[in-house]
Chemist: 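Here it is, the structure, as structure tokens.
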Amino acid sequence: MSKQQTGLRIGRILFKQFQQLCALEKLRPGEAVESLVRLAIDSGSIGDLHADIAKRGGKGRALDEALFR
């Protein structure tokens, strides 16, 4: 399977926080981003993904469960 580089640009502080989460979960940032993109595609929209996560409790383990099911 070929890969496509996205070149996402996000704020420095947000990226540092993202890196910390990835380190805690022992994921490379690219793996985490790819998992999130897959979830959005499977949900049919980013808004639907957000709504699904909010229904499950909003934060914390709900996203972890969605990413790793």
Side-chain angles (χ1 to χ4, degrees):
M1 167 175 37
S2 70
K3 299 276 182 165
Q4 179 69 38
Q5 187 168 347
T6 63
L8 294 172
R9 291 192 177 274
I10 59 174
R12 182 177 49 87
I13 293 170
L14 182 61
F15 185 69
K16 289 291 183 189
Q17 292 171 334
F18 180 65
Q19 284 180 314
Q20 290 171 347
L21 287 176
C22 289
L24 287 173
E25 297 293 331
K26 295 180 175 55
L27 291 171
R28 294 186 322 269
E31 287 177 298
V33 170
E34 187 171 343
S35 293
L36 289 168
V37 170
R38 286 183 192 279
L39 284 172
I41 297 299
D42 291 346
S43 293
S45 79
I46 294 168
D48 288 347
L49 174 60
H50 183 267
D52 289 344
I53 291 170
K55 286 179 196 172
R56 293 184 191 150
K59 292 186 178 181
R61 301 307 304 174
L63 183 57
D64 291 342
E65 290 170 10
L67 283 172
F68 300 106
R69 62 184 146 126

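Index from 1, following the sequence. For clarity, every value in this text was computed on a predicted model and none was experimentally measured.
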Chemist: Give a yes or no on whether L24 atom CG has more than 12 heavy-atom contacts from other residues, nucleotides or ligands under 6.0 Å away.
Modeler: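 Correct, the count exceeds 12.
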Chemist: Which pair of non-hydrogen atoms, one from P29 and one from C22, has the smallest distance, and what is that distance?
Modeler: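 Closest heavy-atom pair between P29 and C22: CA-SG, 3.8 Å.
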Chemist: If the condition is salt bridge (Lys or Arg N to Asp or Glu O under 4.0 Å), which residues does K26 pass it with, not counting sequence neighbours?
Modeler: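 For K26 there are no salt bridge (Lys or Arg N to Asp or Glu O under 4.0 Å) partners, ignoring immediate neighbours.
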Chemist: By salt bridge (Lys or Arg N to Asp or Glu O under 4.0 Å), which residues pair with R28, not counting sequence neighbours?
Modeler: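 Per chain and number, R28 pairs via salt bridge (Lys or Arg N to Asp or Glu O under 4.0 Å) with E31.
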Chemist: Can you list the other members of the hydrophobic cluster that holds V37, where links are side-chain heavy atoms under 4.5 angstrom apart?
Modeler: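 Hydrophobic cluster check, V37: joined to L8, I10, L14, F15, F18, V33, I41.
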Chemist: Atom NZ of K16 and atom CZ of R12: how far apart are they, to the nearest 0.5 Å?
Modeler: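 Those atoms lie 8.0 Å apart.
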Chemist: Quick check on L21: does its CG atom have over 12 non-hydrogen neighbours (other residues, nucleotides or ligands) under 6.0 Å away?
Modeler: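 Count over threshold, so yes.
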Chemist: Roughly how far, to the nearest 0.5 Å, is CD1 of I46 from CG of L36?
Modeler: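 It comes to 10.0 Å.
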